[in-house]
Chemist: 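What follows is a structure written as C-alpha cells; I'll ask about it next.
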Amino acid sequence: MLEKTFDPKTAEPRLYEAWENSGAFAPTDDPKAEPFSIVIPPPNVTGSLHIGHALNNTLQDVLIRFERMRGKAALWLPGTDHAGIATQMVVERQLAAEGNVGRRDMGRDAFVAKVWEWKAKSGGTIVNQLRRLGASCDWSRERFTLDEGLSAAVRKVFVGLYKENLIYRDKRLVNWDPHFQTAISDLEVEQREVDGHFWHFAYPLEDGSGEIVVATTRPETMLGDTGVAVHPSDERYKALVGKKVRLPIVDRLVPIVADEYADPEKGSGAVKVTPAHDFNDFQVGKRHGLEQINILDDFGRINTSAPADYAGLDRFVARKKVVEAFEAADLLRGIEKTRHVVPHGDRSGVVIEPYLTDQWYVNAEVLAQPAIKAVEQGDTVFVPKNWEKTYFEWMRNIQPWCISRQLWWGHRIPAWFGPDGAIFVAETEQEAEAAARAHYGKDEPLSQDEDVLDTWFSSALWPFSTLGWPEKTSDVARFYPTHTLITGFDIIFFWVARMMMQGIHFMGDVPFKRIFINALVRDAEGKKMSKSKGNVLDPLELVDEYGADALRFTMTAMSGQARDIKLSRQRIEGYRNFGTKLWNATRFAQMNGCARAAGFDPAQVKVPLNRWIVGETARTAKAVTDALADCGFDETANGLYRFIWNQFCDWYVEFAKPLLTGDDEAARDETRATTAWVLDVILKLLHPVMPFVTEELWGQTADLGAPREHQGFLMTARWPDLPQSLIDPAVDADIGLMIEAIVEGRSVRQGLNVPPAARPPLLVVDATPAHRKVLEEGAALVERLLRVSEVRFVDAAPAGSIPYVVGGATLALPVAEFIDIAAERARLTKETANLATDIERTAKKLDNADFIARAPEEVVEENRERLAEAQAALAKLQSALARLGVAA
RNA sequence: GGACGUGUAGCUCAGCGGGAGAGCACCUCGUUGACAUCGAGGGGGUCACAGGUUCAAUCCCUGUCACGUCCA
C-alpha cells in the first residue's frame, strides 16, 4: 500500500541516483534512433542555481525527457563556463579574505594554479544543484570551456579566423574597465542614467580677442583636449575656424575646427574635442588630424601627460581639481544640473572609460551575413518568432567585437610577438617558432601575447566544441547540428548570435534548428530578482520545501511565451498539491484492486464511463504531444492539470466508485483494468514535467497486475501514441449530461440552502428517450453525488418543486419545504431575465438579413439552436415561476 | 529618440473574429475510508481609452494613454 503522501526529500535523491547509475541519461546507441540534442547554456562555474536557471533547465529537461521517451537518441550535453572576469574576481576576493598576497604579487602561473585549485574544490556546485532539479543531463559528456579539447577548438578557430583576416589587431578606443584593468566589449557595458553636471568652461582665444565656451560632463578630459569643434554653418563662429585657443591648466594651443558633429542648438554650439577619451571625439579628431593624447593610466588615474600636480590623481579627484582651477582662473561660466547616460561595467559597476589601446578584434560584420541569412530562410527558427527581430536588429548593425581581455583566467591568445613586434599566430608555440624562423631566417626569442580571450569567444563554439570538434568524432557527426537551444533573451547577442556565426562558419551548418527563448523570472511584484533587493527565491530552498516536481511544474506552467514570470510560493504550493492529488488517486486505485489486465485493449472497453475516460485520455495524450513538440510548455502543464484533476479525479474516479464496489463483475473488472491503464498513461504523460513522483508511482505499481510491456524505469518507457478513434462522441455527450445534471442540481441545492443531509428525489419531468436512458442507467451515481434519494420519472413537476434545465431535459428537486420562496422567486426571475435578453439578442441577429447571408452556415445554425433552446428553457422556467406563485 | 512587448476578475495569467476562462485570494457549506496538501457551491470583469474595418471586434487596423525591456 502506498504511503499517505509522497515524500520528495527521501525519494528524489534515491530516484536520481538510480537513474544516473543505470546510464539512462546517455543517448541510446540504437543507430536507428533519430538524434535529438540540446546543449545546455553553460552556467558560470562560479555560479549557484538561481531561479532563472531553474526555469531554463526545467524546460530543457522536459523537452529532453519527452524526446527520449519518444524513442529519439536524446542527448542533453551539460557543462560549465570558465567565466573569465567572474571567476578571477571570486578567487581574488578569496585570496584577500584569507590574507594571501594579491594576484599581481603572486604572479600569473601561481594565480592560475590557484584558480584551478578553487575550481576543483568549489566549481561543481551548480552541477550538483542541477541534479537536485532532476536534470537528466548526460554527465559522462560533461564539458568545461577551459578543457583541453575545448581549448584546442578555441585555438583552431582563432588561427583560422586570423588567416582569413577575420581576426585582426587594431589600436582604437575600447571600453576600459579601470577596476579590472581590462578592455570589455560593447555588450558588457551597461548604460545607466545618473545625475550629473554640465560645466561650462571658457577657453581663451590665442590672440586674446575673446573666449569660446564649451560644456562638458567630464571636466578632467580637458587635460587631453586637442581641439574645439564648431558647426561649419554656425555664423557665430565662422570667423574663428582655423584660429587657436589656449587650453587653461595645460597651456596648450589647440585649433578650432569646423565639424558637423558640433550641434549649434546645444549649449554654446562649440564642443571640446578629446580624441583619446571619447568615441565621437575620436572620429572628429581623425577627420581633422588632431593629436590623440592619452591622459589616463590603466587604473583610471591621470598619467604624466598632464601637468605634474594632476599626475597620479584619481579621475574623479582630478575632475574636482580641474573645476576648481577654472573657477580660480575666473573661467567657469556656469554649472548646470543634468541627467545623463554614463557607461558602467556590468561586472565591476564602475564608470567605463574610452581608452586607446591595442586589442584583438573579430570582424563580426562578415561573419554575421550568413547568420542573418540562416534565420531569414528558416534554417534556424526562433520561438516565439518575434525574437528574430531583436536578432536581426543587432546583427545588421553589428560592430567589431573586441575579444582580448587583460585578464589571466581564460584562453591565452595564440599569438606571439617577435623582437621587432612582428606577430605570429599559430595553434602551438612550436608552429609560431617555425613561422618566426621562416620570417627572420633564424631563431629569435618570441613572447606570447599576455591577454586572454573574451569568455564568450569560447562559448560561441559550445555546440560543436563540446561534441569533440576539431576531432572528427562520432558525436559531431551524430549530434551536430543540435535540435533546440533553450535560453534567455538576455544573451541573444552575447551568445546565441555568436554561436550562429561561428557554427555556420566552421561547421557549414547552423548550430541549432530551433531557438526557444524563455521568459525572465521576477518576484511577485515584477521586480528582477537580485540579492541586493533581497527578493530572491532560492530554488533549492523551494525544492526542499515543496519538492522538485512542484517547482518544475510551476516553471513549466508559467513559462508562457515572451513574458515575465512572477513567481509566488502559493503557486508552487498549489502544484505540490497537484502531485499529492495524483498520488492519492493512485492510492485509491490500488485500494480498489485496480491492476493492469493482460492484453487490455482500450478500444474494446464496453462500459460507457470507461469508454469516456479512454477517449479523454487519447485526447489529452494528443494535445500534450502536440504541445511539447512545439515547445508549448505551459499548454502541456495546464492540459495535464485539467485532465488529471478535473476529469480523472473529479469525475471518472467518482463515477467509478459504485462500479468498483458493485456486483457486476464484468463491469468491475473492466473498470479496474481501465483505471490502471489510464494511470499508466498519465504517469507517462506527466513524467517529463514531474519526473520524480511519476517514477515513484511507476515503481510502486510495477507489480500490480499484468507485467508492463516496458519493465524498466518510467523515464525510458515509450511515450503513449493513442489513436483518436478511441474518442466516442456519443459517450462524451452522455457523460456530459450526467455531469451537468449533477453540477446544476448541486447549484440549485446550495443556492437555496437545502441542508446537505436532505435527500429529496430527483424528478425527471421530460426528457428525450436517449437522455432518459442515460439518467436511468446513471441513477445510482446521481443519487450519490447529488445526494438525492432516487431518480424518479414523472409526468409533471409538483407544485413547489424547483426545476432546472439540462440539455433537453427538465429536472426538478421537490425541496419546497426547505426553501425561502421569495429567494427562489428571485433566482427564477433573474434567470428568466437573462434568458429573455439572450433571446432578444439572438432573435435580432437572426432577423438581420446580412447576418443570414454572410455568416457561415454553422454559425447561423448555432444561433438558431441557441434561440430554440433558450425559448424552451424560458417557457419551462416561466411555468415554474407561475407554480411558485401558487405555492406561495 | 528607435525597436520590441504588455494593458482581460482583488492578484498572476490563458484565450484571440461568432455572447469571456483558469489558478490563487475572498464568501458560504461539508469529515461514515483516495486525498482537509480535500470536496461542493458562490460573488466578482463597459476584456486600458477613442476611432475604423466587418453581418459580427476582447480578438484585426489606426491613434491616444500607461507600464516594461532592449538599443542609441
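Computation of the quantities below employed the complete heavy-atom set of this structure, encompassing side-chain atoms and omitting hydrogens, waters and symmetry-equivalent molecules. Numbers restart at 1 for each chain; the letters A, B, ... are given by sequence-line order, proteins then strands.
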Chemist: For RNA chain B, whose closest nucleotide is more 5', that of R587(A) or that of I852(A)?
Modeler: R587(A)
Chemist: Between A34(B), C38(B), C55(B), spot the one nearest the side chain of N848(A), thanks.
Modeler: C55(B)
Chemist: Where the side chain of M558(A) is defined as all heavy atoms beyond and including C-beta, which of A34(B), U69(B), U12(B) is the nearest nucleotide?
Modeler: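 Given the options A34(B), U69(B), U12(B), the side chain of M558(A) is closest to U12(B).
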Chemist: Is a donor-acceptor pair below 3.5 Å formed from side chain E654(A) to base A34(B), judging by atom type as modelled?
Modeler: yes
Chemist: Select base, sugar-phosphate, or nothing to describe what R576(A) touches, counting heavy atoms under 4.0 Å on all strands.
Modeler: base
Chemist: In whole Å, what is the span from the CD atom of E573(A) to the C1' atom of U12(B)?
Modeler: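 Rounding to the nearest Å, CD of E573(A) and C1' of U12(B) are 16 Å apart.
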Chemist: I'd like to know if the side chain of R787(A) and the backbone of A757(A) have a donor-acceptor N/O pair within less than 3.5 Å.
Modeler: no
Chemist: What pairs of residues pass the salt bridge (Lys or Arg N to Asp or Glu O under 4.0 Å) test when at least one of them lies in residues 649-661 of chain A, not counting sequence neighbours?
Modeler: E654(A)-K657(A), E654(A)-R784(A)
Chemist: Could you please name the option among C35(B), A40(B), C70(B) that lies closest to any side-chain atom of R746(A)?
Modeler: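 Of C35(B), A40(B), C70(B), A40(B) is nearest to the side chain of R746(A).
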Chemist: Within this structure, what is the CD-to-P distance between E190(A) and C70(B), rounded to whole angstrom?
Modeler: 8 Å
Chemist: Using the test side chain to side chain donor-acceptor pair (under 3.5 Å), find all partners of T661(A) that sit at least two apart in sequence or belong to another chain.
Modeler: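 Residues passing side chain to side chain donor-acceptor pair (under 3.5 Å) with T661(A): none at all.
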Chemist: For H344(A) and V351(A), indicate whether the former's side chain and the latter's backbone hold a donor-acceptor pair under 3.5 Å.
Modeler: no
Chemist: With pairs defined as Watson-Crick or G-U wobble and both distances under 3.5 angstrom, please note down RNA chain B as a dot-bracket string, | for pairing with another strand.
Modeler: ((((((((.[[[[.)..(..]]]].(((((.......))))).....[[[[[..)....]]]]]))))))).
Chemist: In terms of relative ring orientation, are W583(A) and F6(A) parallel, tilted or perpendicular, with 30° and 60° separating the classes?
Modeler: tilted
Chemist: T390(A) near the nucleic acid: base, sugar-phosphate alone, or nothing, with a heavy-atom cut-off under 4.0 Å?
Modeler: nothing
Chemist: Return the orientation label for the Y641(A) and Y575(A) ring planes: parallel under 30°, perpendicular over 60°, tilted otherwise.
Modeler: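 The rings of Y641(A) and Y575(A) stand perpendicular, inter-plane angle above 60°.
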Chemist: Starting from C1' on G39(B), measure out to CD1 on I742(A) and report it in whole angstrom.
Modeler: 14 Å
Chemist: Please check if the side chain of R576(A) supplies one atom and the backbone of G547(A) the other of a donor-acceptor pair under 3.5 Å.
Modeler: no
Chemist: Check this for me: does the side-chain of K581(A) come within 3.5 Å of the base of C35(B) through a donor and an acceptor?
Modeler: yes
Chemist: Only counting residues at least two apart or in another chain, list the ones meeting side chain to side chain donor-acceptor pair (under 3.5 Å) with T701(A).
Modeler: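 Residues passing side chain to side chain donor-acceptor pair (under 3.5 Å) with T701(A): R708(A).
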Chemist: Strictly by salt bridge (Lys or Arg N to Asp or Glu O under 4.0 Å), give each pair with a member in residues 386-397 of chain A just once, sequence neighbours left out.
Modeler: E376(A)-R396(A), K385(A)-E388(A)
Chemist: Reckon K4(A) has a side-chain N or O less than 4.0 Å from the OP1 or OP2 of A36(B)?
Modeler: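 Looking at the OP1 and OP2 atoms of A36(B), one of them is under 4.0 Å from a side-chain N or O of K4(A).
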Chemist: When every nucleotide of nucleotides 17-29 of chain B is labelled 5' to 3' by its protein contacts under 4.0 Å (heavy atoms), B for base, S for sugar-phosphate only, - for none, what sequence of letters results?
Modeler: -BB----SS---S
Chemist: Counting any heavy atom closer than 4.0 Å, what does K657(A) reach on the DNA or RNA strands: base, sugar-phosphate only, or nothing?
Modeler: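 Counting heavy atoms under 4.0 Å across all strands, the contact made by K657(A) includes a base.
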